[in-house]
> 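There's a structure below that I have some questions on.
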Amino acid sequence: MSLFAAQLVEEAPTFSIEDFLEAERVKDLLRFTTAGSVDDGKSTLIGRLLYDSRNVYEDHVRSVTRSHGTAAAAIDFAQLTDGLRAEREQGITIDVAYRYFSTARRKFIIADTPGHEQYTRNMATGASTADLAIILIDARKGVLTQTRRHAYIASLLGIPHVIAAINKMDLVNYSEEVFFQLSRDFADLASRVSLRSFNAVPISALEGDNVVHAGHKMPWYIGPALLEYLESVPVERATIDLAFRLPVQRVVRPDQNFRGFAGQITAGTIRRGDPVVILPSGHTSRIQSIVTFDGELESAAAPLSVTVTLEDERDVSRGDLIAAKDAPPAVANHFEASIVWLSSQPLATGLRYLLKHTSQTVPARVRFIRHKINIETLDPQAADTLDLNAIGVVEVETDRPLLTDLYTQSRATGSFILIDPSSNATVGAGMIRYILTTTVANSAEGSPRIVLGKSELLVPVEQYLLDLGHAVVRTRVQNQNIWRALHHSGVIVLVETSDATLQRVGDDFTPSPLIADSTEAVIAALHLESSPPAEHL
Amino acid sequence: MASTALSQIAATNIAPKTPPPLSHLKLLEAESIHIFREVAAEFEKPVMLYSIGKDSSVMLRLAQKAFYPGPIPFPLLHVDTGYKFREMLEFRDAYTRELGLNLLVWRNEAALADGANPVKLGTQRCCGLLKTTALLDALRYYGFDAAFGGARRDEEKSRAKERIFSFRDHAGQWDPKAQRPELWNLYNGRTGPGESIRVFPLSNWTELDIWHYIHLESIPIVPLYFAKERRMLVRGESLIPIEQSFVEALPGDERWVRCRLRSLGCSPCTGAIRSEADTLPKIIAELVSFRSSERANRIIDHDQDGSMEIKKREGYF
């Protein structure tokens, strides 16, 4: 729905479709969310933004134009964007609605979210993918509880830019004083909730002042109109500067000669030949090729979806993560996280949930609720459960380790959702704040860490490894698939056999003799001399 | 001081740290590929609903990209109402054969044998039988647990709130008030017995994005999208394609008109538009000068306010 060129077509007979397509081809994308309360005029603002930037079709405008008696027909801007019947009946927005528009400079995706407290979860949903948030403030009412909530959620979900749109300036006589007072109030709030970047714009969505066009009512305001901000704010693809991360979604194996690992790069850039580590196994290799339908690439950056092949044959499957060798993420099964509770079934500590993080889903439990946030005062308070729309800080333990970064470093590898396995509902949204326990060293070279031998030989090795802080399993099960699964979950596997000499299994999971005359030599041969990484804070 | 500054500039020039930002189409493509791969990995029996239109053509290309160099790991399902344009069916058969895809076709034969058509039944009941019922029957018959659809959120108001993974109960129905929250790109695809997920990999694409991508990628589409002289029933502003005998019997003047289809549906219910656009750049130029939305030519949406939402609740895509 991009009609900005309509003007060009009509007004410039020299309109060139080639130029248009070229401009369109390189246009980037900004995702933003809008938060405001029922009466803040949010739907009106979006309707105005679309209408004034010529992104609304005439049949839509006609369907929401009401004539009142003899008065001129008035466009109900809010009606341009309110979707569902239930909403139209209640006159409020109850769910996240996505809108699309574009200007000559950018394409935009709006996540239009409802403002009142019972819809905190929808606001968090819209915020989770946003590059920018517009928080509406009614100029007559100022910074309210809900404004604090919106700013807090924007900060919690890590939205890089926030704009306070001081709306209904027409109802305060376009007063400069009112605007500056509210800007100062908002700046205080922004620093309190640690917003990274924020601005304030005085607008009237109803009259259109400073939305798309500056208008003449507020000559004292010399800053840009709202749309100008949206068009010029730098889109943060900060993830490109971070270390490489590729969560594996699928193994692509069309024939015996090709084995590729498909996924969307969540951070960083990868080049052919770059050294990588595969987690949780800790094996290393190098990128052999970056394969796409459009040909092989020399390098690829977040957030491209690619398929990579490795120089060495390695055991990699869905849920694993390929990372820059020199800067891997933590391999952790115990961490602290902020949680937004999304379900009417309250959070139960100790209950088994399913946790989905990147491309893996693992059983998990919330061990402990540190506190919840009083959404009125933003102060922490004690709690033993979290209800729908509550936000809290919790300790989570997972049955298998996550390959994780902190949310503040990377949204994609620092976020997770909780699923109730009995109802399959998505009940919680989490953001990892601190890693509390990591499980294995990320430094193993070469073969899987599976050793076979008589129990007399294995016991000292096990003791030594445990002393070093490694996770170890000793088993008598003689089944390669079980070893593989255990190994895959990140533990070192010791298999009791009747062999008088120790053996280790190779990449192909077949055993070969391990020549070592002491426990220390075994450890060294397994590249386990270093202790596991310290707690990662 | 000066030398430091100069060396910094030189360093920046030699090794640009950040590549230029990705275009919105590249971002959309990466997102859609991620969605295809998630579904293929998490579901036992996915299917792609293939409607032969431009959006289906783009979906197909994205699926090829998602699984390359492997094949697309699921079949395509076309719900054939019996009133699709002849050119659509020809295109469908030729293109899927060329790509070596597994195409399934499903028709509500019982309703067609009863003579169901939009003139006799009205568009709503006709759609209900030939599209919605047929679709639900097909999904049940094959036991598909996930179905990709080409719907976009910019098409229609009720679509704006559709999730990318849209949960359907055992009757295939959609409850707009009980949608699963969808944060980041963490999709919850878990379903119970008989339940399923509709997946919309093109959710964030607009009509212009679709056309532009078809242009950039040279994706084959049905020739009906390009302007040429076609036999039409002209009724007021509407151009109704004449492919079915019952259309000829409707009031209106029969004429040859230079026109094209903006979106493809059933021939009696999809209005054509007068147009000279016979190339992709001309179609895009026409699109950006349009004053009405894509579905305005779809007769089906005009029956009732919110009609699309009602259809979706019942199980329509």
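Proteins get letters first, then strands, A, B, ... in listed order; numbering begins at 1 in each.
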> Please check this pair: side chain of B/R37 against backbone of A/A262, looking for a donor-acceptor N/O pair closer than 3.5 Å.
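Answer holds: no.
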
> Quick check on A/S343 against chain B: is it the side chain, the backbone, both or neither that has a heavy atom closer than 4.5 Å?
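Nothing of A/S343, per the 4.5 Å heavy-atom cut-off to chain B.
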
> Heavy atoms only: give me the nearest A/Q264-B/E31 pair and the separation to one decimal.
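Result for this residue pair: NE2-N, 4.1 Å.
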
> Tell me the closest heavy-atom pair linking A/P303 and B/A30, and the distance in Å.
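The answer is O-CB, 3.2 Å.
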
> Measuring from atom OG of A/S415 to atom CG of B/N185, what distance do you get when rounded to the nearest 0.5 angstrom?
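The CG atom of B/N185 is 7.0 Å from OG of A/S415, to the nearest 0.5 Å.
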
> Looking at every non-hydrogen atom in both residues, tell me the closest pair between A/G430 and B/W184 and how far apart they are.
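Scanning both residues completely, I find the closest heavy atoms to be O-CH2, 3.5 Å.
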
> Check whether B/Y213 gets within reach of chain A through its side chain, its backbone, both or neither, counting any heavy atom under 4.5 Å.
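Contact with chain A is absent: no heavy atom of B/Y213 under 4.5 Å.
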
> With a 4.5 Å heavy-atom cut-off, do A/Y98 and B/S203 have their side chains touching?
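Answer no - side chains too far apart.
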
> Could you tell me whether a side-chain N or O of B/H24 sits under 3.5 Å from a main-chain N or O of A/D28, the two making a donor and an acceptor?
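No; zero donor-acceptor contacts below 3.5 Å.
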
> Roughly how far, to the nearest 0.5 Å, is CZ of B/F165 from OG1 of A/T426?
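Rounded to the nearest 0.5 Å, the OG1-CZ separation comes out at 10.5 Å.
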
> Would you find a donor on one side and an acceptor on the other, under 3.5 Å apart, between the side chain of A/Q249 and the backbone of B/H34?
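At least one qualifying donor-acceptor pair exists.
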
> Check each atom of A/A124 against the heavy atoms of chain B and say whether the ones under 4.5 Å are side chain, backbone, both or neither.
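Both backbone and side chain of A/A124 come within 4.5 Å of chain B.
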
> In this structure, are over 12 heavy atoms from other groups packed under 6.0 Å from A/E296 atom CD?
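Counting neighbours around CD of A/E296, more than 12 heavy atoms of other residues, nucleotides or ligands fall under 6.0 Å, so yes.
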
> Under 4.5 Å from any heavy atom of chain B, what part of A/L304 do you find: side chain, backbone, both or neither?
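Both parts, heavy atoms under 4.5 Å.
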
> Determine the minimum heavy-atom distance between A/T125 and B/P181, stating which atoms define it.
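Scanning both residues, the minimum pair turns out to be OG1-CB, 4.0 Å.
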
> So which part of A/R253 gets closer than 4.5 Å to some heavy atom of chain B, the side chain, the backbone, both or neither?
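No part of A/R253 comes within 4.5 Å of chain B.
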
> Which bit of B/S32 is near chain A, if near means a heavy-atom gap under 4.5 Å: side chain, backbone, both or neither?
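Contact with chain A involves no heavy atom of B/S32 at all.
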
> Strictly distance-based, threshold 3.5 Å: is any side-chain N or O of A/S128 a donor or acceptor partner for the main-chain N or O of B/L183?
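It does not hold such a pair.
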
> Which atoms of A/I417 come close to chain B, meaning under 4.5 Å heavy atom to heavy atom: side chain ones, backbone ones, both, or neither?
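Its backbone and side chain both get close to chain B.
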
> Examine whether an atom of A/D294 lies under 4.5 Å from a heavy atom of chain B, and if so say whether it belongs to the side chain, the backbone or both; otherwise answer neither.
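Side chain only.
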
> Who wins among B/K26, B/E182, B/E217, B/E195 for the most heavy-atom pairs under 4.5 Å with chain A?
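Heavy-atom pairs under 4.5 Å are most numerous for B/E182.
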
> With the side chain counted from C-beta on, respond yes when A/F293 and B/R61 share a heavy-atom pair under 4.5 Å apart, and no when they do not.
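Side chain of A/F293 against side chain of B/R61, heavy atoms only: contact under 4.5 Å found.
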
> How many angstroms lie between atom CG of B/L25 and atom CG of A/L29, to the nearest 0.5 angstrom?
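It comes to 9.5 Å.
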
> What is the minimum heavy-atom distance between A/F416 and B/L186, and which atoms define it?
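Closest approach of A/F416 to B/L186, heavy atoms only: CA-CD1, 3.5 Å.
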
> Below 4.5 Å, heavy atoms only, C-beta onward: do A/F20 and B/V288 meet side chain to side chain?
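Yes, side chains in contact.
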
> If I measure from the heavy atoms of chain B, does A/I265 come under 4.5 Å with its side chain, its backbone, both, or neither?
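The answer is neither part of A/I265.
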
> Does A/T292 reach the side chain of B/K65, with side-chain heavy atoms less than 4.5 Å apart?
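Contact flag for A/T292/B/K65 side chains = no.
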
> May I ask you to decide whether A/K356 forms a salt bridge with B/E38, counting only side-chain N to carboxylate O separations under 4.0 Å?
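Yes, A/K356 and B/E38 are salt-bridged.
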
> Side-chain contact, heavy-atom cut-off 4.5 Å: B/R190 with A/L354?
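Touching, per the 4.5 Å side-chain cut-off.
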
> In Å, rounded to the nearest 0.5 Å, how long is the span from OH of A/Y100 to OG1 of B/T206?
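Reported to 0.5 Å precision, the distance equals 9.0 Å.
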
> Using modelled atom types only, decide if a donor and an acceptor are shared between the side chain of B/N188 and the backbone of A/N424 within a distance under 3.5 Å.
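Confirmed, B/N188 side chain pairs with A/N424 backbone.
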
> Using heavy-atom distances under 4.5 Å, tell me whether A/V340 contacts chain B through its side chain, its backbone, both, or neither.
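Contact with chain B is absent: no heavy atom of A/V340 under 4.5 Å.
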
> Which distance, rounded to the nearest 0.5 Å, do you find between the NZ of A/K27 and the OG of B/S23?
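Rounded to the nearest 0.5 Å, the NZ-OG separation comes to 11.0 Å.
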
> Could you tell me which portion of A/L21 (side chain, backbone, both or neither) has an atom closer than 4.5 angstrom to a non-hydrogen atom of chain B?
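Its backbone and side chain both get close to chain B.
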
> Below 4.5 Å from any heavy atom of chain A, which atoms of B/I284 appear? Answer side chain, backbone, both or neither.
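Both parts, backbone and side chain.
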
> How close do A/K107 and B/N204 get, counting heavy atoms only, and between which atoms?
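Smallest heavy-atom distance, with atoms named: NZ-O, 3.3 Å.
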
